[in-house]
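All remarks here apply to the structure that follows.
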Amino acid sequence: MQEFKYEGFCPICDHLATFHSHSSRWWDFRAGLVCKTCPGGSLPRERAIAFVMKRLCPDWRAKRVHESSPAERGLSVVLAKECAGYIPTQYFPNEPLGKTIGKFRCENLEKQTFADCLFDIVITQDVYEHILDPIRATAEIFRTLVPGGLSILTTGVFKQHVKSVFQARHGRDGDIEYLKKPPEYHGNPISSKGSLVTASYGHDFPELLAKWAPFDVELFRFVDREHGILGEFTDVIVCRKPRYACQLTWET
């Protein structure tokens with residue numbers, strides 16, 4: 001396998017950096033094109049979020065930021081160090097919501113204990129594909145954002161899907177209804193069981209987000225060599241809570 005390496009500028013650590021991958025294949029870059037100057041290394045999707053955040057909210061260090069399920073590297077480490085209003089959360093199913101466990105606050109995105117209009121930015125990196133009720137979670141994120149606040153997220157947006165494909169959801173009796181069998185799991189930093197994949201999102205995902213809550217939605221897609229944002233699934237979706245009440249009736 002061919003090694004891939006070149007010089008650029010990392011938008012997370014704000015340094016000239018060497019982006020390094022053990023593979024030169026495009027589809028391997030998302031999980032393998034690393035900036036080793038960042039604490040713990042950073043991946044393209046994290047650099048994409050940092051790039052967008054700096055463009056849309058350059059004073060992010062002075063903002064109130066909620067990040068759900070942060071990583072132990074890159075952007076999450078920098079946010080924890082440099083943003084005084086940063087609150088990282090994880091969902092611990094057997095713990096009370098709102099409880100602090102280590103450096104995390106226990107929160108379920110579908111039923112958060114945060115007050116209304118609390119955060120300027122909510123960040124979810126590769127979280128949406130693990131949410132059983134994304135409609136409720138999107139409404140909760142909207143509720144907790146200030147007017148003009150931003151929900152900045154990444155998830156796999158599949159080119160082959162015109163419409164999103166849902167793989168699991170809440171069942172009637174409080175269990176999980178599996179729409180795809182066998183169920184698929186991704187790695188989970190706080191559980192050896194992994195994280196159940198509940199959806200494979202398609203081109204309709206921005207429109208779905210705007211239906212699930214009255215957000216204004218933008219999609220950022222990158223082929224950015226200078227900032228090390230290369231590979232599959234590096235899209236960043238930004239949902240902005242309007243500053244004014246805008247009523248829109250969707251036709252179904």
Side-chain angles (χ1 to χ4, degrees), residues 1-63 65-90 103-104 120-130 150-159 186-190 195 201 218-238:
M1 191 175 290
Q2 183 181 355
E3 188 177 51
F4 183 81
K5 183 167 62 175
Y6 73 97
E7 304 297 320
F9 187 88
C10 178
I12 294 177
C13 60
D14 280 330
H15 283 93
L16 294 173
T18 298
F19 300 117
H20 179 272
S21 173
H22 292 294
S23 169
S24 61
R25 297 180 300 190
W26 178 262
W27 53 87
D28 289 331
F29 287 162
R30 185 179 195 264
L33 187 61
V34 176
C35 168
K36 294 189 176 180
T37 309
C38 281
S42 67
L43 300 179
R45 69 173 184 268
E46 299 166 9
R47 297 191 288 272
I49 288 181
F51 187 79
V52 169
M53 190 168 65
K54 289 180 177 183
R55 178 185 292 179
L56 299 181
C57 192
D59 59 342
W60 57 268
R61 290 176 178 83
K63 299 298 185 180
V65 179
H66 168 205
E67 184 175 15
S68 174
S69 305
E72 296 286 345
R73 61 171 185 267
L75 178 62
S76 299
V77 174
V78 171
L79 284 167
K81 181 180 179 181
E82 299 185 14
C83 178
Y86 175 73
I87 297 179
T89 67
Q90 294 278 6
K103 59 185 175 182
F104 301 110
D120 302 290
I121 301 172
V122 174
I123 297 173
T124 51
Q125 297 188 53
D126 287 18
V127 171
Y128 257 85
E129 67 266 34
H130 303 296
L150 305 176
S151 170
I152 305 177
L153 66 102
T154 60
T155 189
V157 178
F158 289 81
K159 298 181 176 68
H186 291 168
N188 185 335
I190 64 168
S195 294
Y201 289 104
E218 292 181 89
L219 171 65
F220 293 83
R221 182 160 288 164
F222 295 91
V223 181
D224 187 335
R225 297 174 181 85
E226 179 180 353
H227 297 102
I229 309 173
L230 299 173
E232 293 288 338
F233 305 133
T234 56
D235 303 341
V236 175
I237 298 175
V238 177

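The model shown is predicted, which means the values in this text are computed figures rather than measured ones. Heavy-atom basis, side chains included; hydrogens, waters and symmetry copies ignored.
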query: Do side-chain atoms of Arg61 reach the backbone of Cys83 as a donor and acceptor pair under 3.5 angstrom?
result: no

query: What's the shortest heavy-atom distance between Ser68 and Thr89, and which atoms?
result: CA-OG1, 3.5 Å

- request: To the nearest 0.5 angstrom, please state how far the CZ atom of Phe233 sits from the OG1 atom of Thr155.
  value: 9.0 Å

- prompt: Does a side-chain heavy-atom distance below 4.5 Å link Glu82 with Trp60?
  reply: yes

message: Can you tell me how the ring of His130 sits relative to the ring of His186, calling it parallel under 30°, perpendicular over 60° and tilted otherwise?
response: perpendicular

query: SG of Cys13 to NZ of Lys36: how many Å apart, nearest 0.5 Å?
result: 13.5 Å

- request: Evaluate the salt bridge (charged side-chain N to carboxylate O under 4.0 Å, His left out) criterion for residues Lys103 and Glu72: first the C-alpha distance (whole Å), next the side-chain angles of each, then the deciding distance (0.1 Å), finally the verdict.
  value: CA-CA 11 Å; Lys103 59 185 175 182; Glu72 296 286 345; 2.9 Å; yes

- request: Indicate whether the side chain of Glu129 and that of Tyr201 have a donor and an acceptor atom separated by less than 3.5 Å.
  value: no

query: What distance separates Leu79 CG from His66 NE2, expressed to the nearest 0.5 Å?
result: 12.0 Å

task: Decide side-chain contact (heavy atoms from CB on, under 4.5 Å) for Ser69 and Gln90; before the verdict, give the C-alpha distance in whole Å, the side-chain angles of both, and the deciding distance to 0.1 Å.
output: CA-CA 5 Å; Ser69 305; Gln90 294 278 6; 3.5 Å; yes

message: Within the 4.5 Å heavy-atom criterion, are Ile152 and Val236 side-chain neighbours or not?
response: yes

- prompt: Side chains of Asp120 and Leu150: does their closest heavy-atom pair fall under 4.5 Å?
  reply: no

Residues Gln125 and Thr154: side-chain donor-acceptor under 3.5 angstrom: no

- request: Run the salt-bridge test on Glu226 and Arg47 with the 4.0 Å N-O cut-off and return the result as yes or no.
  value: no

- request: Check whether any side-chain heavy atom of Phe222 lies under 4.5 Å from a side-chain heavy atom of Phe51, and answer yes or no.
  value: yes

statement: Looking only at heavy atoms, the pair that brings Pro58 and Leu56 closest together is CD-C, 3.7 Å

query: Would you call Cys57 and Ile121 a side-chain contact if the rule is heavy atoms closer than 4.5 Å?
result: yes

message: Tell me whether Lys5 contacts the main-chain N or O of Ser21 through its side chain, where contact means a donor paired with an acceptor under 3.5 Å.
response: no

- request: With the side chain counted from C-beta on, respond yes when Ile123 and Ile49 share a heavy-atom pair under 4.5 Å apart, and no when they do not.
  value: yes

query: Using a distance-only test with no angle check, is there a side-chain donor-acceptor pair under 3.5 angstrom linking Arg45 and Thr234?
result: no

- prompt: Between Val34 and Gly41, what is the shortest heavy-atom contact and its length?
  reply: CG1-CA, 3.8 Å

- prompt: In this structure, which one of Lys81, Lys63, Glu67 forms a side-chain hydrogen bond (donor to acceptor under 3.5 Å, both in side chains) with Tyr86?
  reply: Glu67

- prompt: Do Val77 and Leu75 come close enough that some side-chain heavy atom pair is under 4.5 Å?
  reply: no

query: Counting N and O atoms only, with roles assigned by atom type, does the side chain of Ser76 sit under 3.5 Å from a partner on the main chain of Ala71, one being a donor and the other an acceptor?
result: yes

message: Is it the case that over 12 heavy atoms from other parts of the model lie below 6.0 angstrom from the NZ atom of Lys54?
response: yes

query: If you look at every heavy atom in Arg30 and Leu43, which pair is closest and at what distance?
result: O-CB, 3.8 Å

- prompt: Is a donor on one side and an acceptor on the other found under 3.5 Å between the side chain of Asp59 and the backbone of Ala62?
  reply: no

Criterion side-chain contact (heavy atoms from CB on, under 4.5 Å) on Phe220 and Ile229, from CA distance to verdict: CA-CA 11 Å; Phe220 293 83; Ile229 309 173; over 6 Å; no

statement: Here the gap from Cys38 atom SG to His15 atom NE2, rounded to the nearest 0.5 Å, amounts to 9.5 Å

statement: In short, Leu230 meets Asp224 closest at the heavy-atom pair CD2-N, 3.8 Å

message: To check you understand the geometry: which heavy-atom pair defines the closest contact between Ser42 and Gly74, and what is its length?
response: CB-CA, 4.0 Å

message: Taking ring pair (Phe, Tyr, Trp, His ring centres under 6.0 Å) as the definition, give me every residue that meets it alongside Phe4, ordered by chain and number, with sequence neighbours left out.
response: Tyr6, Phe29

